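To start, the structure under review is shown below, and the notes come after it.
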There are 6 protein chains.
Amino acid sequence: MNTLPPEIIETLKKFLEEDVRSGDITTNVTIPVEKTALATVYAREKAVLAGIKEAEAIAYLTGLTYEVLAFEGNWVNSGDPVIRLRGSARTLLTVERLILNIIQRMSGIATKTYRMVSIAREVNPKVKIACTRKTTPGFRFFEKRAVVIGGGDPHRYSLDDMVLIKNNHITAVGGVHAAVSSAKDAVSFSKKISCEVRTLQEAQEAIGAGANIVLLDNFSPKDVGGVVEVLKSKGMRGNVILEVSGGINEENVREYARNEIDVISSGSLTHSYNAMDFNMRLSLN
Amino acid sequence: MNTLPPEIIETLKKFLEEDVRSGDITTNVTIPVEKTALATVYAREKAVLAGIKEAEAIAYLTGLTYEVLAFEGNWVNSGDPVIRLRGSARTLLTVERLILNIIQRMSGIATKTYRMVSIAREVNPKVKIACTRKTTPGFRFFEKRAVVIGGGDPHRYSLDDMVLIKNNHITAVGGVHAAVSSAKDAVSFSKKISCEVRTLQEAQEAIGAGANIVLLDNFSPKDVGGVVEVLKSKGMRGNVILEVSGGINEENVREYARNEIDVISSGSLTHSYNAMDFNMRLSLN
Amino acid sequence: MNTLPPEIIETLKKFLEEDVRSGDITTNVTIPVEKTALATVYAREKAVLAGIKEAEAIAYLTGLTYEVLAFEGNWVNSGDPVIRLRGSARTLLTVERLILNIIQRMSGIATKTYRMVSIAREVNPKVKIACTRKTTPGFRFFEKRAVVIGGGDPHRYSLDDMVLIKNNHITAVGGVHAAVSSAKDAVSFSKKISCEVRTLQEAQEAIGAGANIVLLDNFSPKDVGGVVEVLKSKGMRGNVILEVSGGINEENVREYARNEIDVISSGSLTHSYNAMDFNMRLSLN
Amino acid sequence: MNTLPPEIIETLKKFLEEDVRSGDITTNVTIPVEKTALATVYAREKAVLAGIKEAEAIAYLTGLTYEVLAFEGNWVNSGDPVIRLRGSARTLLTVERLILNIIQRMSGIATKTYRMVSIAREVNPKVKIACTRKTTPGFRFFEKRAVVIGGGDPHRYSLDDMVLIKNNHITAVGGVHAAVSSAKDAVSFSKKISCEVRTLQEAQEAIGAGANIVLLDNFSPKDVGGVVEVLKSKGMRGNVILEVSGGINEENVREYARNEIDVISSGSLTHSYNAMDFNMRLSLN
Amino acid sequence: MNTLPPEIIETLKKFLEEDVRSGDITTNVTIPVEKTALATVYAREKAVLAGIKEAEAIAYLTGLTYEVLAFEGNWVNSGDPVIRLRGSARTLLTVERLILNIIQRMSGIATKTYRMVSIAREVNPKVKIACTRKTTPGFRFFEKRAVVIGGGDPHRYSLDDMVLIKNNHITAVGGVHAAVSSAKDAVSFSKKISCEVRTLQEAQEAIGAGANIVLLDNFSPKDVGGVVEVLKSKGMRGNVILEVSGGINEENVREYARNEIDVISSGSLTHSYNAMDFNMRLSLN
Amino acid sequence: MNTLPPEIIETLKKFLEEDVRSGDITTNVTIPVEKTALATVYAREKAVLAGIKEAEAIAYLTGLTYEVLAFEGNWVNSGDPVIRLRGSARTLLTVERLILNIIQRMSGIATKTYRMVSIAREVNPKVKIACTRKTTPGFRFFEKRAVVIGGGDPHRYSLDDMVLIKNNHITAVGGVHAAVSSAKDAVSFSKKISCEVRTLQEAQEAIGAGANIVLLDNFSPKDVGGVVEVLKSKGMRGNVILEVSGGINEENVREYARNEIDVISSGSLTHSYNAMDFNMRLSLN
């Protein structure tokens, strides 16, 4: 069957309930209950395809059969069919909008991610482009999965996934070294510890205290380069993952990626994207 | 207390659970449990503010007190404080991202809607700008509410809210007149009936059959004008709401709005918007 | 599969959980787990049949097969079989009561509605008989659907479905005209606006302000007639739906229906009905 | 606080969500958010009052304060105030229908139960009048509680509450004695065992096998009397609870009650009752 | 299909969600999606088997097929296969831990119960060994079912299942007789009434007031014997179920069981048991 | 307020619903609704205290006030009061069992963990004792939190928390190096990668491929020592966390801990523990 987690299958049911509530009154009064149909989803612009597994799951949940015609992560062009569904005409019309809403959004994110990854990897073939927790409430799983489909990194899923020490935490504890050390003592060995830093000095402190990841927040590309050089010269670059973030987008990502960093994270992958255009065409039997 | 519906309060809890899951491990190991703080949300760019009621509800649900500093629907400028929260420092850090995710998205939609309404009303002071069902699954309530805050019309909330006859329904029934008539017979008197049409002929048919709303889908601005003229000349304009849709955006909305139409609907209000920039600053006590 | 909305399928599961809780202890200790049986639901009095789709859904959810023997909305007589179920004897005994509880109640409402519709339509063939929101909490969908099966109108489903201005709203705003106008400005174009009125004067005001529906509440049949006459004479009858309500039942519905009104609504359709008698007979294999 | 079980408090929230969904659009556009009011629920006919605890819980859940003016289980007359609520005018209007729907139904059942108990106890002061599992799906708790308020017995709550051996169970096991014995062996000592019987012979068999309760189903009043006499003469009456059921209503309950039986159960208490008339009057501050 | 109650099927889904959350990231990156496998669960120590129905249900819910190889309630030895599952290798690896967690715990309880039942029945072949409400929150159904599989009695499932009067209730009412009597008057005839007593005197009072069960709490085996003798001599033993509890375990259960009592209840069956060792071996196709 | 995550608060509500269902029928018929009381929870044996935050949350949810008298993680002795609750006597009796069930289990785990940590740290002061995913379904959060309170490490919370490559994964991919490498490529940089190994050779391979953690499963203490020596001699010990598991308990943990390892994990911490004895004493006002 489907490879989406069980909790996500329940979420898809809730999404359908949000749109259908007490029934699709238009379809119920115009389409005979026994009518069947075939419906095909088409791309209407060039995009990196995503959301097909969700479409499959919705079809399965509502008793439709389906045939996948294009693969997640591949480019599709305007006019390409991506999935074909068969079954009750009423059901097809009732699920149409939900399936499109998901494919359009997820493909929008996958496409945006793919473009950003491509630009960055031209100059740094190993760099990862990650999203953040700046996702639409209730829709995080799908947005993070779309980032992965587009070649990006999903970053931590939630607040229990990784330690990420930010300024307020540092202030409360009284410094980078203290914050990283106390986290190292207190959290599970199974968790990575990342620390957001504002200066080269803080970066060194974080590494010295054993951070797995150092996040250079709001550094210019050039300052990032400076930090990398110093860390390398001091032999501190080896065991740490360097991540940069702060206002990074398609325009400036190349400049950041030129540096020997590991990860570039960008909230815009999920908070400001355009849905790609897809539609569904139905032929009643 | 709060004026959000009870179902939405439950949804906000779910949103919080999505982000927190088994706990904010960073905050739990760096911030003492008894520490209190004051946190202020600031706009970082000009925007029409939305999402404050949601922030209030989240504060209430998590035992924080709050003071609203700017009103939903008003413009805020970069640097303006919009809401101030007080209470447990751990709680403040734990809810920060959710509150920002909601305010940023809802303000993005409200701002986009406001701009489109403003453009359209310069040439047609009574026209309504409506969104569609092209919303993020699970987040529809908030996106529709943001449209309303921006001066727009939320359109139908779900498939049980209004009859909206589209091409597939018309095909199944065998024509516009039959579709509208059969809907009129079959659905509750409490529902409006809208019919999507592709030609002037269909528009007349729909009105003749008693549609409350006629939706001119994918007409050029000029063709919309033509339809309006004919309907007026035939005395058919009076009792029907004329809605236009199909690829309408800030660039072309003015051309459509010049015609004597009632509603312009645009999926882009909710499917492709930029989150506005807001942040939260915290001072630990 | 089934045409009930996904949210309702979940509700049926909850209903089953309410009755079964930790298990049917009687059946579990008396019926072998591998035993199969055939069970038939019979009418035991004359009734308009309803609730069969719900029975199908419960059968489907619990792994039973079924054969529908009589149609919703048709009359059945005492002794008529209405649905036959096959499968695990334990399951059949466990779902028996829920299926009967639903069919009995829904058929009770459908029958009562049918009778009231028949009486009213003898004198006014186009009049609609509508129920209200006076439904059993948690069971509204089924009660409204039974009204529709009986030939009635479901009226608004909930508080977000239509504007229905009542006395308290009018008082708060300061008059019928102000209330209707402000609603017209503030709510979506997709919603109808109904206004409850107490006098002819208020009826005219409501129509003048653009109400789609005027609800004459607690008027005598004669006074309803008077209102209709005046509205017609003033040319105000055309574009408004006239609804009457207030203590209307099978005894007096004919008197109301004689007037040129569109809708008669009655809370008693759903708040005070008799369950029709049905039973289930089981033959163990 | 309230004495309703936590699961029921959640159910009340769901009931409110059913009615409010995405919001009370009428109230939201006519009543200012800061407006407060006082609302009083009045009886409009003589009734045994029930549902007040539910009204209190709804008030509590929605931030209203309240004052109980009449007690559950007492008679109220037309015009009597039963509960007074204070707070946000919007909230009061939004919860009005749910509170009335519950009080009206529960008082309807309590009144019907009270009448039947009164009739039966005139001739048999110790007899209990019990309801059955013929309740509205999803509303069982409230209907059973209303029976208790009216002086009745709630009988088993669900299928896991007591063993109740019916004909199909007896057939499957091969006789009354075998069925009761096997249940006695297999179920927990904490459960009572009731057995439905069709003849005097079966009644004796059930008692002999150790049934705690014998249910005489569809016996005439006279035949019930015959069974009682034989059991007494054989010394088998002492340790068993005798219950009768089958088409018992206010008309014939007295005839049944004259016999030395313990319990009379009647499905009609919950499947066919009239809602009592109550209304809410609001004064805006 | 399966014979577990519908509510329990939902609980199993929740259990799976607890373990899987946003996905099994190890399996997803190492096992191809189309890979199938066969997995067998083996006992690794001698145990009374339980939890197989739960394993079947989890298999069914996740699209796996299965073959049951050993029966619940039977002894299995180290090396015995108990259930074989087939299907997606990813799914098998994802459900492995949940299935084992359930079988291990339930078999631990069944084995412990079986041992205690065996010891007690050597000296009193009719005595029942019951568990209590000292179960793991959220896991009660499974723990009680394991007790039953091991030959024990599940006792009351929850607080609404039987009246069990303890010291605090007695103190509040003012004595054993008053407490039992008031319960007898106030609760449904369908419920048994048990009363915990501290002295012979209280035991007689409880029986005199009509208690169905008398629970001798924290009596020594010898004092239990004394109570039994007196009750028998006074003809009060016949109609009451005698239960003993308080620190009873495998060491002292025999001493208690020697007395003519009906039920021995022990919290340790569910609050302190060892999981039995089982594992799953997988062969990838 | 409380520092438990919002999802856990909902879980506690569910636990209460499991025990109370339709109401505490004993308390409802013996304790007057207006009665208040004071209840104190006492330890009845020496234990490391845990579960107090849960008790606080349950009190808060049910309208009780409380005073914490002993701290989680501290030793308490028989007779020590640990928390005092005040409020409705009915409520206190209704929540008693749930509060005790949680404190008893969590304290049992915390105590067992503390003992194992103490033994291990005598010989290796930095070693961590971790639990596993062998937790009671639905109760994992509480069992893991109890391990932390006892001084242990919670290990990964669920399957999405860390990559943990086991034999089946290695077989499917075709070797340790390939498995670790493919995981490193495919999962988020925010996740740690652990690899279970069966030989020294595999351990070296895993480290060479970049595993963050190497898990020596089912090695004898001596073989663990051998692996450590080789790794050190090859300069491979530095950047990897060494974890051992497989049948480790209080008896043999010291032998394992003597080696220079980082983590010892043991399923028995959560799958086989004894509840500690606590009770609640109530004084009615």
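On a predicted model such as this, the values are computed, not experimentally measured, just so you know. Throughout, protein chains are lettered first and strands after them, A, B, ... in sequence-line order, and every chain is numbered starting at 1.
- Comparing E:Ala186, E:Ser194, E:Gly138 by heavy-atom pairs within less than 4.5 Å of chain F, the highest count is held by E:Gly138.
- For F:Lys134, there are no salt bridge (Lys or Arg N to Asp or Glu O under 4.0 Å) partners, not counting sequence neighbours.
- E:Thr26 has its side chain out of reach of F:Leu159: every pair of non-hydrogen atoms, C-beta onward, lies at least 4.5 Å apart.
- Taken to the nearest 0.5 Å, the OG1 atom of F:Thr135 stands 7.0 Å off from the CG atom of E:Asp19.
- For chain E, the option among F:Val163, F:Ile170, F:Thr136, F:Leu164 with the highest count of heavy-atom pairs below 4.5 Å is F:Thr136.
- Note: E:Phe139 CZ to F:Phe15 CZ = 11.5 Å, rounded to the nearest 0.5 Å.
- For chain F, the option among E:Asp24, E:Asn28, E:Thr11 with the highest count of heavy-atom pairs below 4.5 Å is E:Asp24.
- Contact between F:Ala172 and E:Thr30 at its shortest, heavy atoms only, is CB-O, 4.0 Å.
- Judged by distance alone, the side chain of F:Asn101 and the main-chain N or O of E:Arg133 form a donor-acceptor pair under 3.5 Å.
- Only one option out of E:Arg21, E:Glu18, E:Glu17 pairs with F:Ser158 in a side chain to side chain donor-acceptor pair (under 3.5 Å); it is E:Arg21.
- Only the side chain of E:Lys191 comes within contact range of chain F, with at least one heavy atom under 4.5 Å from a heavy atom of that chain.
- For E:Leu93, the part sitting under 4.5 Å from any heavy atom of chain F is the side chain, from C-beta outward, and nothing else.
- When the candidates F:Ile102, F:Leu12, F:Val173 are compared by the number of heavy-atom contacts under 4.5 Å with chain E, F:Val173 comes out ahead.
- Residue pairs satisfying the salt bridge (Lys or Arg N to Asp or Glu O under 4.0 Å) criterion with at least one member in residues 85-101 of chain E, sequence neighbours excluded, are listed as follows: E:Glu67-E:Arg86.
- Counting heavy-atom pairs under 4.5 Å between each of E:Leu16, E:Thr171, E:Ile193, E:Thr27 and chain F puts E:Thr27 at the top.
- Taking a 6.0 Å sphere around NZ of F:Lys13, one finds it holds more than 12 heavy atoms contributed by other residues, nucleotides or ligands.
- For E:His271, the ring-ring contact (aromatic ring centres under 6.0 Å, His included) criterion is met by no residue, not counting sequence neighbours.
- Using a 4.5 Å cut-off between heavy atoms, E:Ser268 makes no contact with chain F at all.
- Side chain to side chain, E:Ser22 and F:Asp160 meet the donor-acceptor criterion of an N or O pair below 3.5 Å.
- If you take CG on F:Leu92 and CG on E:Asn168, they are separated by 9.5 Å, rounding to the nearest 0.5 Å.
- Only the side chain of E:Glu143 comes within contact range of chain F, judged by heavy atoms closer than 4.5 Å.
- Residues E:Pro137 and F:Arg105 are in side-chain contact: their nearest non-hydrogen atoms beyond the backbone lie under 4.5 Å apart.
- Contacts of residues 275-285 of chain F with chain E at a heavy-atom distance below 4.5 Å involve F:Ala275, F:Leu282, F:Leu284, listed in sequence order.
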